[in-house]
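One structure is given below, encoded as structure tokens.
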Amino acid sequence: MPIQMTDCWFAYRHKEVLSAFNYSLKPGSTVLLGPNGAGKSTLLSLAASVRRPQRGAISHRGVPATSRDYRRKVAWMPQNITAMPGLTAREQVAFVGWAKGMNRTDAWARAAVALRQVDLADKESVRSKTLSGGQLRRVGVAQALVHDAEVLLLDEPTAGMDPRQRRVFRDVLAQLPSDVAVLLSTHDVADLAEESDNVTVLDSGKLVYDGDTSGFLAHAPHDTTPVRRAEAAYSMLSGGDS
Amino acid sequence: MKVKALLRTSSATFLAAPVLVFTCFVAYSSGSLAQYDNRHPPTVSAAAYQALVLAASAAAGCGAWEAGRLRQSGIWDMASWRSRYRIAAQRLSLPGALGVAVMVVMTVMRFVQASVIPDAASLPAVAIGLLLPIPYAVMGFAIGNVSRSPVVCAPLVMAGTWFFIGFAGNSSTDIPGTLWLRHATAYTMSSPEIDQVISPLGLLVPVLFTCAVAGSAMLLWGPWRAAVRITLAGLVAVAGLATSCAMTSGWGYRTPMITSALAEKCSNRAGVNVCVPELYQDMLPRVQKTAGPIVEHLHRAGVPAPEKVTYRRLEVAAGTEAWHIWFLPRTSTDELAESVAHAPLNDAEWSCLGRKDFKRADTLELWLRSTAGLDAGDSVSDRETVAAVEKVRKRPVGEQAAWFAEARARARSCGKAG
């Protein structure tokens with residue numbers, strides 16, 4: 001499995017988020033759904049090894065999340081993408097590539113490719129501080145793409161993107177090699193769920209649904225129009241809170 | 001990050017020009033040339049430590065700024081493959097380089113001002129001086145890493161470092177128990193005399209102190225659990241501080257030195273035998289020419305002639321009646337003459353006599369000067385003393401000799417007792 005979480009426990013100072021949590025990320029793309037506070041960002045940051053579970057283990061094809069190799073193979077786009085002061089978009093993406101283990105030359109070359117993939121080639125020499133919120137999120141996606149990771153973990157990658165940018169983003173996902181696993185959280189249920197291979201629904205730190213997309217859509221009432229099927233299925237699974 | 005981007009975004013780049021210009025200004029305007037104008041390279045390299053307060057402050061301030069900017073950029077939340085230390089090192093390279101550049105500029109300017117070429121004996125102090133700003137950059141980084149705003153933190157760290165090193169250098173002698181900080185920061189590195197080099201321990205202590213604090217700070221932002229980080233950092237800090245404190249106990253005010261024997265060059269001409277260090281052998285004719293007449297004048301007035309007039313740092317055989325004088329290559333002939341006229345009593349005797357019987361010391365000094373044929377210069381003697389000296393000088397030579405012998409005997413017994 002691309003990422004395996006076994007018996008993981010995680011709590012912030014006063015709040016338990018995940019307890020005895022088991023999860024296997026499947027190959028292909030997986031959309032992570034859940035209401036605010038369900039633990040989506042915590043799950044993603046644990047899988048990205050930004051945080052460590054207080055108990056339990058996380059691994060990728062046998063490589064534990066505590067090892068540096070794990071971090072090289074797993075790409076991570078946090079919810080908040082910050083413009084790095086003084087750097088251009090390409091320099092920012094290349095810097096992340098370098099931090100993820102690429103040498104400077106490769107990171108610089110791959111940064112240009114990644115920015116092209118997210119349709120930001122014309123902004124590569126622009127200071128990232130001057131980019132709009134949507135453009136900055138695309139820089140974030142480029143940061144996740146730059147080092148050719150085996151797993152992409154994206155926390156609300158489409159938040160703040162306009163419809164055209166979302167289309168570009170979906171194209172990027174569609175063009176990824178088939179052996180790359182993607183786990184992305186989103187509130188845009190209708191937008192992404194139907195195009196993904198799998199869906200995971202989290203509520204209060206518990207897995208409510210984890211399976212393929214057709215199984216997920218089957219939870220929608222029979223009289224739902226095709227356009228609203230994903231939303232309806234999600235409402236059924238999460239008790240209506242979105 | 002590409003070097004060009006690093007240069008463009010680093011605070012050290014923006015601070016480099018004003019800091020280096022200020023360093024040149026300080027080097028040009030501050031400090032007395034006499035402190036290091038002795039042709040002895042280790043003295044010159046020690047004089048460059050004057051810039052340490054500036055180098056360390058600039059490095060620490062920039063380090064704090066870089067830490068704050070890195071934190072704001074979110075790189076610590078990117079699950080990097082490269083270690084935090086590697087990423088920090090990249091951003092700290094320029095602040096560290098700025099601190100090193102300040103020390104390089106000061107060192108070069110001091111050597112140029114003193115017209116001296118560095119030798120092997122001076123290089124350890126130069127190397128340590130160049131190294132010392134780097135731990136301060138790390139300390140600044142550690143503080144900046146936990147602060148909210150680099151805009152507030154960086155200037156505070158810069159000013160705090162300046163105050164700390166300045167305090168340690170200048171005020172620690174007044175506060176009991178803090179003298180070790182003077183040695184630990186190395187800002188007020190003592191000047192070696194021409195037969196001295198700073199002892200390896202004198203150089204090791206500031207390295208130990210700064211590296212312990214910086215190392216402790218580095219451990220605090222390591223990748224381990226908080227309890228492990230805090231324990232390790234505490235152990236390193238306590239061990240480093242305690243060791244450096246223990247090493248400096250009993251050192252006193254001056255940095256410990258290693259003293260070696262000086263080779264001397266003596267005049268072979270008839271008359272007074274004058275010896276100078278080999279380093280100053282070109283000055284021998286001038287010293288001989290200045291000392292000869294003064295010794296003769298004083299001898300005619302009843303002062304016993306010395307077996308030799310020698311440089312203060314030169315060893316003199318036991319039982320030899322020698323006068324010790326002190327000078328530097330740029331010492332004027334007038335100052336040299338004053339030193340010779342002052343030499344019938346040694347420093348300890350003058351000091352003790354001045355403390356116990358100031359009037360007699362003042363009278364004796366004025367008598368020696370006027371007998372040697374020197375003008376009163378900046379003498380502060382009062383009318384009463386001047387009148388007393390005039391009265392003594394009008395006496396027959398035998399009486400003057402007896403008066404001097406009594407004054408000197410009193411000074412010697414005082415010097416031995418005190």
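Keep in mind that what you see is a predicted model, and the values were worked out from it rather than measured. Proteins come first, then strands; the chains are lettered A, B, ... in the order of their sequence lines, and each starts at number 1. Note: hydrogens, waters and symmetry copies are ignored here, and every other heavy atom, side chains too, is used.
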For chain B against chain A, give me the donor-acceptor pairs closer than 3.5 Å, one per line with atom names and distance.
from	atom 1	to	atom 2	distance (Å)
A/Arg68	NE	B/Trp81	O	2.9
A/Arg68	NH2	B/Trp81	O	3.3
A/Arg71	NH1	B/Ser80	O	3.0
A/Trp76	NE1	B/Asp77	O	2.8
A/Gly86	O	B/Arg8	NH2	2.8
A/Glu91	OE1	B/Arg8	NH2	2.5
A/Glu91	OE2	B/Arg8	NH1	3.1
A/Glu91	OE2	B/Arg8	NH2	3.4
A/Trp98	O	B/Arg82	NE	2.5
A/Ala99	O	B/Trp81	N	2.8
A/Ala99	O	B/Arg82	N	2.8
A/Lys100	NZ	B/Met78	O	3.4
A/Lys100	NZ	B/Ala79	O	2.6
A/Met102	O	B/Arg82	NH2	2.7
A/Arg104	NE	B/Met1	O	2.9

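- For chain B, the nearby part of A/Pro78 is the side chain; its heavy atoms alone come within less than 4.5 Å.
- Applying the salt bridge (Lys or Arg N to Asp or Glu O under 4.0 Å) test to every pair with at least one member in residues 128-137 of chain B, sequence neighbours left out, gives no pairs at all.
- For a residue to count as touching a neighbouring chain, one of its non-hydrogen atoms must lie under 4.5 Å from one of that chain's; by this rule A/Met102 touches chain B with the backbone only.
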Start with the C-alpha gap between A/Phe95 and B/Ile87, add the side-chain angles, then the distance that decides, and say whether side chain to side chain contact (heavy atoms under 4.5 Å, CB included) holds. CA-CA 10 Å; A/Phe95 181 53; B/Ile87 292 169; 4.2 Å; yes
